[in-house]
There are 2 protein chains.
Amino acid sequence: MQRLVLKELPRYECLVEASKQFPDLNPSACEAFMHLRRAGDEVSRVMDAHFSGHDITHGRFLIMMLLLEKKGADCPRPSTPAELADFASVSRATITGLLDTLERDGFVLREPNPADRRQMSVHLTPAGQAFMHTLLPVHFRLITDLMGNLSENERTTLAKLLTKISTKASDV
Amino acid sequence: MQRLVLKELPRYECLVEASKQFPDLNPSACEAFMHLRRAGDEVSRVMDAHFSGHDITHGRFLIMMLLLEKKGADCPRPSTPAELADFASVSRATITGLLDTLERDGFVLREPNPADRRQMSVHLTPAGQAFMHTLLPVHFRLITDLMGNLSENERTTLAKLLTKISTKASDV
DNA sequence: AGCTAATAGTTAGCATCCTAACCAATAAAT
DNA sequence: ATTTATTGGTTAGGATGCTAACTATTAGCT
């Protein structure tokens, strides 16, 4: 699961040059856009490599993350396939596939809900919890490392700028 | 081709709370990380939707972009499958698949290279060029829109911060 | 020259995620 | 109360990108 992204981004002057031919090309917008794609892709690569070293995938990890018991949790926690799909912005069919694998590996359990016989109730098994508690420190360590070139201030700035893009993107 | 990403990111206090349980969790690093993933994903969704409206995919578009004749081009241009794979940071097998489709659609031509009979030489057909020149204005317009919430300064700052992440990621 | 190693491209088979169609169960409407 | 619409979950089949194995050609060594 990879995205095609340019390895070497075009130099800014090339963008300016191209903007003469294409008036809709805004060099700074293009530059920001390409950097976003590349950084996202690089980070994905690192994370995927990390996950595959632990016989898990990004998708399965995220599902277990969502199912994980939170301490002092006022944060709502999804417990049905439909809720998981919603939290993870992914189709229900995808959740079915991920849960199949997680159940096969003994990390998750699906139980019917007597109150509404359409629904399934999903939880982590003890093995699933143990797995996560082994993996999470390494996982968080890796994220901390990845952001290691940025100061606290820069991280906050980055988050703010990226939010502006996400907001725009969701209503384009 | 989608990535699983949280729709609602956890609030900062939740991250701080969680960091008490997991000392390796750095709240600001985590926050920046998740924003990066989400923004990248949102932007990908918008672009993919745009592409599919023109019966093309991200991958095929990028290949055609790489093959496109550049005016005043001192920028090097790939012309063999191996070079395309390198420029796009993708496997050669993937390029084979993309070229198969592009060739079927009449956008690209593969020709043997008499000088080195292992190599193929790839170029856009006139139809491929025409297609790109129709699509590109819309494409650039969309990118400009997506970055529309950011000022010139913010775009530059964003690019700078993202570069720091890409740099770090490529040697983690 | 002739054998070995490296390189170009393709093929085969896998994983993830998608949409569309489907069945079962519940809710809503008359 | 019965019909109709909606919701939850799964299944089937497709697309993209991957790795590993394969063939053909070229380069390097002795």
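Chain A is the first sequence line, chain B the second, and so forth, proteins listed ahead of strands; every chain is numbered from 1. All values below come from the heavy atoms of this structure, side chains included, with hydrogens, waters and symmetry mates left out.
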(message) If we ignore hydrogens and angles and just use 3.5 Å, is the side chain of A:His58 paired with the main-chain N or O of A:Met47 as donor and acceptor?
(response) no

(request) Examine distances only and state if a side-chain atom of B:Arg155 and a backbone atom of B:Leu150 form a donor-acceptor pair shorter than 3.5 Å. (result) yes

(request) Report the relative orientation of the aromatic rings in B:His50 and B:His139; use parallel for angles under 30°, tilted for 30 to 60°, perpendicular for over 60°. (result) parallel

(request) Would you mind telling me which residue lines up with the more 5' stretch of DNA chain C, A:Arg92 or B:Glu83, judged by nearest nucleotide? (result) B:Glu83

(request) Assign each of A:Ala115 and B:Ile95 to its nearest nucleotide of DNA chain C by heavy atoms, then name whichever residue's nucleotide is nearer the 5' end. (result) B:Ile95

(message) Would you say A:Arg60 places a side-chain N or O within less than 4.0 Å of OP1 or OP2 belonging to C:dT16?
(response) yes

(request) For the side chain of B:Ser91, starting at C-beta, report the closest nucleotide among C:dT16, D:dT19, D:dG9. (result) D:dT19

(request) State which of D:dG9, C:dG9, C:dT11 makes the closest approach to the side chain of A:Ala82. (result) D:dG9

Can you tell me the distance, in whole Å, between the [atom1] atom of [X] and the [atom2] atom of [N]?
{"X": "A:Gln119", "N": "C:dA27", "atom1": "CD", "atom2": "C1'", "value": "13 Å"}
{"X": "B:Asn113", "N": "C:dA8", "atom1": "CG", "atom2": "P", "value": "12 Å"}
{"X": "B:Ile63", "N": "C:dG9", "atom1": "CD1", "atom2": "C1'", "value": "14 Å"}
{"X": "B:Asp86", "N": "C:dT7", "atom1": "CG", "atom2": "C1'", "value": "14 Å"}
{"X": "B:Leu84", "N": "C:dT10", "atom1": "CG", "atom2": "P", "value": "11 Å"}
{"X": "B:Leu99", "N": "C:dG9", "atom1": "CG", "atom2": "C1'", "value": "10 Å"}
{"X": "A:Asp100", "N": "C:dC17", "atom1": "CG", "atom2": "P", "value": "13 Å"}
{"X": "B:Leu102", "N": "C:dG9", "atom1": "CG", "atom2": "C1'", "value": "16 Å"}

(request) Go through B:Asp41 and B:Arg45 one step at a time and tell me if the side-chain contact (heavy atoms from CB on, under 4.5 Å) criterion holds. (result) CA-CA 6 Å; B:Asp41 188 68; B:Arg45 265 176 226 268; 2.9 Å; yes

(request) Can you sort out the partners of A:Glu42 under salt bridge (Lys or Arg N to Asp or Glu O under 4.0 Å), two or more places apart, ordered by chain and number? (result) none

(message) Can a side-chain donor-acceptor contact be found between A:Ser79 and A:His123 if the only test is distance below 3.5 angstrom?
(response) no

(request) Please report the C-alpha distance between A:Arg60 and A:Asp55 in whole Å, then the side-chain angles of each, then the deciding distance to 0.1 Å, and finally whether the salt bridge (Lys or Arg N to Asp or Glu O under 4.0 Å) criterion is met. (result) CA-CA 10 Å; A:Arg60 302 208 293 271; A:Asp55 285 320; over 6 Å; no

(request) Going 5' to 3' through nucleotides 20-25 of chain C, assign each nucleotide B (protein heavy atom under 4.0 Å from a base atom), S (under 4.0 Å only from sugar-phosphate atoms) or - (no protein heavy atom that close). (result) -----B

(request) Looking at every strand, decide which applies to B:Leu98 at a 4.0 Å heavy-atom threshold: base, sugar-phosphate, or nothing. (result) sugar-phosphate

